[in-house]
Structures are given as structure tokens and as C-alpha cells.
Undergrad: 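Pasting a structure here, questions to come.
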2 protein chains.
Amino acid sequence: MRAAIRVIARGGVSAATTRAIVSEAKMPLGAFHYVFTSRDELLSQVIRTVTDDERMAVELALPGEGATFEQVVVAALDAYLDLLIADPERELALFELAFYGMRSEPDLVGRQYGVYYREGEAILTQLATMCGLTWREPMPVMARRLVVVIDGVTTTWLADRDTPAAREFVRSVAPWIAASAVPVTA
Amino acid sequence: MRAAIRVIARGGVSAATTRAIVSEAKMPLGAFHYVFTSRDELLSQVIRTVTDDERMAVELALPGEGATFEQVVVAALDAYLDLLIADPERELALFELAFYGMRSEPDLVGRQYGVYYREGEAILTQLATMCGLTWREPMPVMARRLVVVIDGVTTTWLADRDTPAAREFVRSVAPWIAASAVPVTA
DNA sequence: TCCAATCTTGGACGATCGTCCAAAAAGCGC
DNA sequence: GCGCTTTTTGGACGATCGTCCAAGATTGGA
């Protein structure tokens with residue numbers, strides 16, 4: 001299972017053959033269909049379980065004391081960028097899995113993005129309350145906005161690997177996102 | 001060539017076998033290696049040539065007379081959304097090709113995104129001058145911003161197919177983008 | 001200790017892949 | 001019409017894929 005993710009990260013979904021996976025896991029070939037009924041079922045399981053927990057978790061990186069909310073947002077997105085740059089193949093694999101799933105099981109991918117949205121909601125509320133703020137727009141709307149931004153930042157950076165440009169983008173969107181947070185009305 | 005794109009759009013990169021492509025093109029099997037030296041070379045050619053020209057071109061859709069610049073930006077992004085919704089498999093294929101290329105020929109994908117940026121610059125300048133405006137930030141920065149937004153909108157919609165949410169996002173980012181345009185100083 | 005039930009394994013099978021190549025088809029000057 | 005060059009073709013080959021399964025290893029009760 002973990003081995004399958006490593007294989008996909010290294011060589012893409014097409015490299016995730018039954019033999020490559022069991023070899024990575026140091027298991028005999030027969031063990032594959034002893035655990036999973038088929039290769040497609042394995043990929044389904046992988047898509048279902050490998051939610052990018054780190055992606056959202058790492059965004060709780062805290063800036064220095066007395067920072068503006070905009071700086072807090074920048075710090076969070078910068079922390080995600082650090083994660084992306086440190087392990088690009090992981091994010092690459094996640095997207096490949098999502099695109100693969102869009103063809104075989106579109107509903108599954110839709111549900112998986114629902115998980116992302118909920119994780120995004122949690123992060124956004126933590127960031128806001130940290131600064132005594134609350135979000136003006138409904139949380140589902142804000143969470144989807146965050147996912148759109150992160151997806152865009154990720155795919156574009158994976159393509160051009162232009163780290164300074166990605167940093168610049170983060171600093172330019174942060175005010176827009178932060179502008180949707182208002183002081184909590186007591 | 002066109003046949004290869006159709007096959008990829010229908011079944012993904014993994015479905016782009018030599019036999020499937022020549023069958024789609026109604027050509028004999030031998031013709032494949034008579035035209036292309038290998039399958040990888042074909043995919044390289046496809047990535048190189050299939051710039052999403054329509055993507056950028058369609059964004060020149062004009063709103064009614066006397067519209068604010070923000071409304072012009074919304075109309076442009078809405079027009080792209082129409083294109084995406086009308087032919088999702090095309091955009092899906094483009095992303096699959098890009099991700100495939102990131103593993104085999106990263107530099108090629110980077111150059112291809114350079115083409116996107118230049119096309120984005122052209123669109124942005126056209127949109128701005130149409131309203132007697134100019135962009136405050138350098139054009140490469142603005143163009144990359146546009147690509148990040150479009151990539152994010154696309155991947156997220158492909159995953160959740162939530163059209164109203166995508167429309168809402170377009171209306172919420174438009175002010176942020178439009179805010180970088182200022183009246184041309186005579 | 002021995003047998004039966006269960007779990008585990010690696011080899012085998014059919015399908016399909018990319019690639020090659022000998023032969024057929026098609027031009028073409030004479 | 002004929003011989004020669006060039007283009008075009010589909011069958012063949014080796015590799016690799018997902019999947020299956022008979023045989024070997026393991027376990028636990030009598």
C-alpha cells in the first residue's frame with residue numbers, strides 16, 4: 001500500500017504494475033491478488049486513503065508574534081510551497097492519481113475533493129480565529145477558493161519550477177484571501 | 001497526429017497505444033514507425049504542438065457595452081469556463097500530457113508553459129487596452145497569475161464538476177485581477 | 001506426532017504492448 | 001510492358017502486463 005504510493009511517486013501511475021509494487025514492498029507476486037482483488041481496486045483504495053493530510057496540516061506554520069492576518073496567510077501558503085518543493089513527486093503522484101480516477105471513478109474523485117474542502121475549512125477557521133477574525137463568506141466557498149489557489153500554484157510550479165514566481169504569487173493572492181476575513185462581532 | 005489527441009482525450013495517455021492511434025487514424029500499423037521513430041517521440045510532438053490555442057483565444061468574449069473592467073474579466077473567465085464544460089476531456093487530456101511530460105521531458109513542459117504565458121500576456125493586454133487601462137505589474141507576472149488561476153479553476157472543476165461554485169469563484173477573483181489594471185497615464 | 005485445514009507462493013497463461021522487417025505495392029524512366 | 005527504386009504494409013517477435021492456480025509451507029487440534 002505505502003509501496004504503491006512510492007512506486008507511483010517515482011514513475012507515475014503507469015509504472016504501478018503489480019510486479020513493481022510487490023517488489024517495492026518486498027512481497028511475493030502472489031500476495032498481490034491475495035490482498036487486492038485487482039489492480040484497479042488497489043488504485044481505488046489508494047485514491048480513497050491517500051488524502052494529502054500533510055498538505056493542509058503544514059499550513060499551520062506560525063509567523064512571528066504581532067503579524068498581520070495577511071502575513072499569517074502568506075506564511076501558511078509559503079509553508080505549503082516548502083512542502084511542495086521538498087517533495088514534488090508526491091504532489092505529482094497525487095494529481096496523476098486524481099486524473100486517473102476522473103476517468104475510472106469520477107464520483108470517487110469528487111468525494112475525495114470533498115475531503116480536501118473540509119480540511120481546508122478547518123485550516124481556514126484556525127487561521128482566522130488565531131487572529132480574532134471570522135470569514136465573511138460561507139466556509140464551503142472559502143475552502144473551495146483555497147483549494148483552487150493551491151491546485152493552481154501546484155500545477156503551475158510543477159510545470160515551470162519557477163520558485164520565485166510562485167513566492168510572488170503567494171504574496172499577491174494573500175491580500176485577496178485575507179480580505180474575506182472580518183473581526184468577529186462580539 | 002490529430003488521431004492521437006482524440007485517443008488520449010477519450011482514454012488517457014495510457015490508452016494512446018500505437019495500435020489504437022493508427023486505428024483511429026484509419027492507417028496501417030506499419031505507418032506508425034514510418035512517420036514517428038517511437039511512441040515517446042510522438043508524445044513529445046503532441047506536447048510540443050498542442051498548445052491550447054482555443055483556451056486563450058476564447059477568453060476574448062466581449063460583454064455588453066459600457067461594462068466595468070471587472071465585468072470584462074468575468075466575461076473572459078466565464079467564456080473559458082464554457083469551453084471547459086463543453087469539452088472537459090480535452091482539458092483533461094492536456095493536463096495528462098503535461099504531467100506525463102513532467103516525468104520524461106521536464107524542460108519541454110516548462111517551455112510549453114512559456115508559450116501559455118506569452119498567450120496570456122497577449123490576452124491581458126488586449127483586455128486592458130479595450131478599456132483604456134494598463135497593467136501595474138510586469139506582464140510576465142500578470143500572465144503567470146492568469147495561468148495559475150485558470151489551472152486551479154480547471155483542475156478543481158474537473159474533480160468536483162461543481163459549475164455554480166466555479167462561476168462563483170470566477171466572480172470573486174475577477175476584482176483581484178482587475179485591481180492590477182490602472183488607467184493609462186497619457 | 002500426525003493429519004487436515006488454512007495460508008502463502010512463484011510459475012504459467014493469455015493478452016497486449018512497442019518495435020522491427022521481409023515482402024507486397026506503387027511509381028517511374030525507358 | 002519491364003526492371004528497378006522507393007514507399008507502404010501487416011505479420012512476427014520478444015517483453016511485459018494482470019490474473020489465476022496448483023503446489024508447497026504453515027498452523028493448530030487430537
Side-chain angles (χ1 to χ4, degrees), chain A residues 1-50 89 92-109 112, chain B residues 1-50 89 92-109 112:
Chain A
M1 193 75 194
R2 305 288 177 187
I5 300 170
R6 285 197 301 270
V7 172
I8 294 175
R10 193 184 313 133
V13 174
S14 64
T17 68
T18 57
R19 288 171 176 79
I21 293 171
V22 297
S23 171
E24 174 79 19
K26 294 185 181 41
M27 289 180 177
L29 175 59
F32 188 92
H33 287 84
Y34 184 72
V35 179
F36 305 101
T37 66
S38 73
R39 177 176 176 268
D40 285 338
E41 198 220 50
L42 164 70
L43 290 176
S44 261
Q45 297 267 357
V46 170
I47 294 175
R48 213 181 312 264
T49 63
V50 177
E89 293 188 335
L92 187 53
L94 250 52
F95 271 101
E96 285 193 52
L97 277 170
F99 282 119
Y100 174 85
M102 286 176 199
R103 296 196 179 279
S104 55
E105 299 187 80
D107 297 344
L108 176 58
V109 176
Q112 203 58 26
Chain B
M1 192 76 194
R2 305 286 175 187
I5 300 171
R6 285 197 300 271
V7 171
I8 294 175
R10 194 184 312 134
V13 174
S14 64
T17 68
T18 56
R19 286 170 177 81
I21 293 170
V22 297
S23 171
E24 174 78 19
K26 295 184 180 46
M27 288 180 178
L29 175 58
F32 189 92
H33 286 86
Y34 183 72
V35 179
F36 306 101
T37 66
S38 74
R39 177 174 176 269
D40 285 338
E41 198 221 49
L42 165 69
L43 291 176
S44 263
Q45 298 266 358
V46 171
I47 294 175
R48 213 181 312 263
T49 63
V50 177
E89 292 187 336
L92 185 52
L94 250 53
F95 271 102
E96 286 193 52
L97 277 170
F99 280 113
Y100 175 84
M102 286 176 200
R103 296 196 179 278
S104 54
E105 300 187 78
D107 297 344
L108 176 58
V109 176
Q112 203 59 25

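Chain letters run A, B, ... following the sequence lines, proteins first and then strands; every chain starts at 1.
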Undergrad: How would you give the extent of chain B contacts on DNA chain C, as first and last nucleotide 5' to 3' within a 4.0 Å heavy-atom cut-off?
TA: C:dC17 to C:dT19

Undergrad: Could you state the interatomic distance from CE (A:M102) to CD (B:E96), rounded to the nearest 0.5 Å?
TA: 9.0 Å

Undergrad: Could you pull out all residues at least two apart from A:L42 that satisfy side-chain contact (heavy atoms from CB on, under 4.5 Å)?
TA: A:M1, A:A4, A:I21, A:F32, A:F36, A:V46

Undergrad: Of all residues at least two apart in sequence or in a different chain, which pass the salt bridge (Lys or Arg N to Asp or Glu O under 4.0 Å) check with A:R19?
TA: none

Undergrad: Check B:A15 against B:G11 and note the closest heavy-atom contact, atom names and distance.
TA: CB-O, 3.4 Å

Undergrad: For B:E89, what residues pass the side-chain contact (heavy atoms from CB on, under 4.5 Å) criterion, not counting sequence neighbours?
TA: B:A9, B:D87

Undergrad: Hey, could you give me the CG/CD1 distance between B:L94 and B:I8, rounded to the nearest 0.5 Å?
TA: 9.5 Å

Undergrad: In chain order, what residues pass the ring pair (Phe, Tyr, Trp, His ring centres under 6.0 Å) check against A:F99, with sequence neighbours excluded?
TA: B:F95, B:F99

Undergrad: Mind jotting down which residue pairs meet the side chain to side chain donor-acceptor pair (under 3.5 Å) criterion with at least one end in residues 22-34 of chain A? Sequence neighbours excluded, please.
TA: A:R6-A:E24, A:R10-A:E24

Undergrad: Residues of residues 27-42 of chain A with any non-hydrogen atom less than 4.0 angstrom from an atom of DNA chain C: list those, numerically ordered, please.
TA: A:P28, A:L29, A:G30, A:Y34

Undergrad: Collect all protein-nucleotide pairs involving nucleotides 22-27 of chain D in which both atoms are nitrogen or oxygen and the distance is under 3.5 Å.
TA:
none

Undergrad: What residues in residues 13-26 of chain A put a non-hydrogen atom under 4.0 Å from any atom of DNA chain C?
TA: A:R19

Undergrad: Quick one: which residue pairs count as a salt bridge (charged side-chain N to carboxylate O under 4.0 Å, His left out) with a foot in residues 29-46 of chain B, not counting sequence neighbours?
TA: none

Undergrad: Just jot down the side-chain contact (heavy atoms from CB on, under 4.5 Å) partners of A:L108, sequence neighbours excluded, or say none.
TA: A:S44, A:I47, A:R48, A:E105, A:R111

Undergrad: Quick test of your reading: applying salt bridge (charged side-chain N to carboxylate O under 4.0 Å, His left out), list the pairs with at least one residue in residues 27-38 of chain A, sequence neighbours left out, ordered by first then second residue.
TA: none

